[in-house]
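Comments concern the structure below.
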Amino acid sequence: MTRTRAVRHLVIVLGDQLDADSAAFDGFDPEQDAVLQMEVSDEASYVPQHKMRIAYFFAAMRHFRADLESRGRTVHYVRLDDPANTGALDSEIARHQAALRPAATIVLEPGDFRVREGLRKLPQRPDIRADRHFLCTAEEFDAFTERHPRPIMETFYRAMRRKTGILIDESGRPVGGSWNFDAENRKGFGKSRPPIPVARSYAPDAITRDVLKLVAARFSNSPGKLDRFDLPVSRVDALTELSDFVAWRLSLFGTYQDAMLSDEPFLYHSRLSGALNLHMLNPREVVAAALQSRNAPLNALEGFVRQIIGWREFVRGIYWQRMPHYADENALDAGLPMPRFYWTGETDMRCLAQAIGHTIDHAYAHHIERLMVLGLFAMLLGVRPYDVHLWHMSMFHDAIDWVSLPNTLGMSQHGDGGVVGTKPYAASGHYIDRMSDHCRNCRYDPKQATGDRACPLTTLYWSFLAKHRRRFANNGRMRNQYVNLERRSAAEIRAIRSHADAIASALV
Ligand code: FAD
Ligand code: SF4
């Protein structure tokens with residue numbers, strides 16, 4: 001690092017803050033201020049990480065550096081292989097503060113509680129600025145939960161629609177007369193299916209190729225593959241991906257939102273979570289682009305808007321309001337470790353092999369694979385919720401603590417006892433059979449709960465309901481599930497529970 005001139009403000013840009021117009025740059029003067037970006041090994045290894053995830057972050061950071069420099073901003077960029085690199089955020093920041101002696105260090109609030117605490121403990125504490133990427137501030141979320149002490153996403157989402165005016169007509173009512181079109185958004189493919197658009201591929205350029213080489217050499221023992229790396233890693237490519245989604249996939253996004261299909265990892269999903277979470281895209285521009293679509297029906301538009309201004313903002317609010325104790329929550333006392341096959345995909349369960357295979361190949365699986373296959377099996381088996389979150393942080397290119405934790409520990413594992421979702425997302429193999437083509441190619445039978453061909457998800461589902469009867473039998477939203485359980489005899493339930501125990505012992 002060479003010191004060229006006195007620095008007034010040193011603006012730290014973390015890997016998930018790649019927005020040249022963020023609040024960290026308010027008042028930025030290229031003549032006096034400079035930027036600090038750091039590739040540090042600690043952040044790439046505090047949990048084992050998918051090679052593609054590491055490469056995604058570094059490639060996006062290096063493209064962002066090029067963007068900043070093209071705007072005339074000075075960037076002090078610490079590469080992973082820089083011999084002076086100490087490997088940790090705090091020591092790198094301190095090293096640059098000592099060398100550049102800025103009058104002030106500025107950073108945007110990070111997306112991870114652990115990192116925020118680390119920044120607060122720095123001897124020369126930076127000025128941590130609120131992040132206006134999000135539509136709902138922490139204060140607004142607190143005010144919302146004061147009005148609604150048991151907050152539910154639907155109420156929050158309606159409040160966000162009203163606040164932003166998105167899909168609200170002139171008289172203040174929801175466009176189309178309904179807040180939600182979920183009933184139209186649960187279609188499986190059945191025998192006939194519309195063509196699935198080919199996913200756009202972003203060939204690695206010289207910057208990305210350098211990163212891929214570095215990651216292959218330095219992280220050869222990390223999980224996942226690199227050979228299919230074709231993610232958009234610059235703002236320009238992220239905008240192309242947004243246009244591609246609006247043009248080709250949005251119109252059927254709603255209808256097939258919950259569907260799954262063999263060897264089709266993306267279907268009609270947007271694949272925008274990474275670009276959004278690294279702030280290459282702003283949620284407002286993503287929603288605006290969708291609303292300008294000429295061919296998307298209302299069920300698709302509303303379904304998409306709900307994810308961005310509803311779920312995404314809601315889980316972030318929950319995370320910051322409830323950390324750090326949220327990470328320790330384990331309402332169902334689940335104590336098993338993650339089964340080993342989650343790292344390899346080596347299992348006879350076709351649905352899991354497919355979802356894990358997509359994850360290994362692309363560091364991505366769509367929402368229903370994450371919730372109703374990967375998460376579902378772990379919850380029914382009784383895996384520790386925080387371990388599921390750690391696995392998720394390891395394997396997905398879009399995982400940041402604020403979004404992964406409430407989705408895994410909360411939504412998919414019910415570890416928070418009903419904060420993110422009012423009931424556990426518990427289902428049997430029958431659900432997967434309805435929503436995918438997996439069961440017809442599987443050695444198990446989704447209708448059977450005991451015996452050689454019993455579908456492990458079906459066995460574990462009934463066992464889960466029986467085990468947690470006291471907790472859930474009076475939950476109105478689970479009434480039908482318990483009515484069906486009561487139809488089974490005590491002997492049947494005993495046999496199912498003993499089969500479930502055998503599945504668990506064989507796996508962990
Ligand atoms: P689409 O299906 O096209 O949805 C559009 C956008 O809506 C997404 O890009 C995302 O920004 C947003 N969105 C949708 N659902 C959610 C949600 N529940 N929470 C927050 N944003 C949402 N999303 C992440 O971005 N990072 C994560 O680490 C993450 N972990 C998850 C873990 C589990 C167990 C589950 C069930 C969900 C998780 N999600 C996470 C939410 C969601 O599954 C992903 O955002 C989505 O699959 C990303 O693919 P996509 O961009 O094609 O999304
Ligand atoms: Fe999955 Fe069971 Fe269907 Fe096999 S039968 S694909 S294990 S749900």
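On a predicted model such as this, the values are computed, not experimentally measured, just so you know. In what follows, every heavy atom counts, from backbone to side chain, and hydrogens, waters and symmetry copies are set aside. Start at 1 and go down the list; that is how both ligands and their atoms are numbered.
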Next on the checklist: What verdict does the ring pair (Phe, Tyr, Trp, His ring centres under 6.0 Å) test give for Phe134 and Trp402, after you've listed the backbone C-alpha separation in whole Å, the side-chain angles of each residue and the deciding distance to 0.1 Å?
Outcome noted: CA-CA 12 Å; Phe134 295 94; Trp402 67 265; 5.1 Å; yes
Next on the checklist: Just to check, does Tyr364 reach to within less than 4.0 Å of ligand 1 when the distance is taken from its heavy atoms?
Outcome noted: yes
Checklist entry - Counting both backbone and side chain atoms, is some N or O of Leu272 under 3.5 Å from an N or O of ligand 1? => result yes
Next on the checklist: Just checking: Cys439, one of its N/O/S atoms, less than 2.8 Å away from atom 1 (Fe) of ligand 2, yes or no?
Outcome noted: no
Checklist entry - N/O/S atom of His438 under 2.8 Å from atom 4 (Fe) of ligand 2, yes or no? => result no
Checklist outcome for this item: Checking heavy-atom distances from atom 24 (C) of ligand 1 to each of Val403, Leu405, Val286, the winner is Val403
Checklist outcome for this item: Gly15 and Leu18 have their tightest heavy-atom pair at O-CG, 3.5 Å
Checklist entry - How far apart are the C-alpha atoms of Glu43 and Arg53, what are their side-chain angles, what is the distance that settles it, and do they pass the salt bridge (Lys or Arg N to Asp or Glu O under 4.0 Å) test? => result CA-CA 11 Å; Glu43 291 303 311; Arg53 172 180 158 81; over 6 Å; no
Checklist entry - Hey, does Tyr268 sit under 4.0 Å from ligand 1 if you only count heavy atoms? => result no
Checklist entry - Do any heavy atoms of Phe253 fall under 4.0 Å from ligand 1? => result yes
Next on the checklist: I'd like to know if the side chain of Asp398 pairs up with that of Tyr364 as donor and acceptor (distance under 3.5 Å, no hydrogens or angles considered).
Outcome noted: no
Item to check | Verdict with reasoning, Lys163 to Glu140, per salt bridge (Lys or Arg N to Asp or Glu O under 4.0 Å) | outcome: CA-CA 11 Å; Lys163 173 186 146 171; Glu140 283 172 321; 3.0 Å; yes
Item to check | Donor-acceptor side-chain pairing of Thr359 and Asp361 below 3.5 angstrom | outcome: no
Checklist outcome for this item: Quick look: Leu374 vs ligand 1, heavy-atom contacts under 4.0 Å, and the answer is neither
Checklist entry - Using the ring of each side chain (for Trp, its six-membered ring), is His392 parallel, tilted or perpendicular to Phe396, with breaks at 30° and 60°? => result parallel
Next on the checklist: Please state which option from Asn407, Leu371, Thr408 has its nearest heavy atom closest to atom 38 (C) of ligand 1.
Outcome noted: Asn407
Item to check | For Trp311, the ligand 1 atoms whose distance to one of its heavy atoms is below 4.0 Å | outcome: 16 (C), 17 (C), 18 (N)
